[in-house]
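Worth knowing before you read on, the calculation uses all heavy atoms, side chains too, and leaves out hydrogens, waters and symmetry mates. Quick caveat, the model's predicted, so the values are computed rather than measured.
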Amino acid sequence: MLFYATDDNTAATTAERLIRAAGFDPVSAGGVGDAGRIEGPGGDLQEFALGELVDLEKARAAVAA
């Protein structure tokens, strides 16, 4: 599973294709304004903030929270 964030539908399609090609399941974290959730220190979707490596179901639940 790999999070991504974008406001552009074409970029989302490309990101999802590349993530799948690399063997991961893509999970949208939202738009560019949500990128800090996966990239910034203290972001709630980072491995350290989640406290564990998560599966696809837990990742989708975390995004929705």
Side-chain angles (χ1 to χ4, degrees):
M1 181 279 311
L2 187 66
F3 292 114
Y4 72 93
T6 182
D7 292 325
D8 183 284
N9 290 335
T10 302
T13 300
T14 301
E16 289 180 4
R17 182 177 50 80
L18 291 169
I19 291 168
R20 283 191 184 99
F24 298 96
D25 293 308
V27 177
S28 175
V32 172
D34 298 304
R37 295 182 70 192
I38 55 177
E39 293 186 14
D44 66 321
L45 297 178
Q46 289 184 338
E47 174 186 348
F48 300 112
L50 292 172
E52 63 181 327
L53 292 176
V54 298
D55 62 17
L56 185 57
E57 182 179 321
K58 287 182 181 179
R60 288 182 174 151
V63 168

Same cluster or not: are Leu45 and Val54 linked, directly or through other Ile, Leu, Val, Met, Phe, Trp or Tyr residues, by side-chain heavy atoms under 4.5 angstrom apart?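 Yes, it is one cluster - the side chains of Leu45 and Val54 are joined through contacts under 4.5 Å.
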List the atom pairs, donor and acceptor, that lie under 3.5 Å between side-chain atoms in residues 37-44 and the rest of the protein, sequence neighbours left out.
residue : atom : partner : partner atom : Å
Arg37   : NE   : Asp44   : OD1          : 2.9
Arg37   : NE   : Asp44   : OD2          : 3.3
Arg37   : NH1  : Val63   : O            : 3.4
Arg37   : NH2  : Asp44   : OD2          : 2.9
Arg37   : NH2  : Ala62   : O            : 3.2

Cut-off 3.5 Å, no hydrogens considered: what does the side-chain donor-acceptor table look like for residues 21-34, sequence neighbours left out?
residue : atom : partner : partner atom : Å
Ser28   : OG   : Gly30   : N            : 3.2
Asp34   : OD2  : Gly31   : N            : 3.1

Output all residues satisfying side chain to side chain contact (heavy atoms under 4.5 Å, CB included) with Ala61, sequence neighbours left out; order by chain, then residue number.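 Counting only residues at least two positions away or on another chain, Ala61 forms no side chain to side chain contact (heavy atoms under 4.5 Å, CB included).
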Taking only residues at least two apart or on different chains, which pairs with a member in residues 4-19 satisfy side chain to side chain donor-acceptor pair (under 3.5 Å)?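 Checked against side chain to side chain donor-acceptor pair (under 3.5 Å) - neighbours excluded - the pairs reaching residues 4-19 are Tyr4-Glu16.
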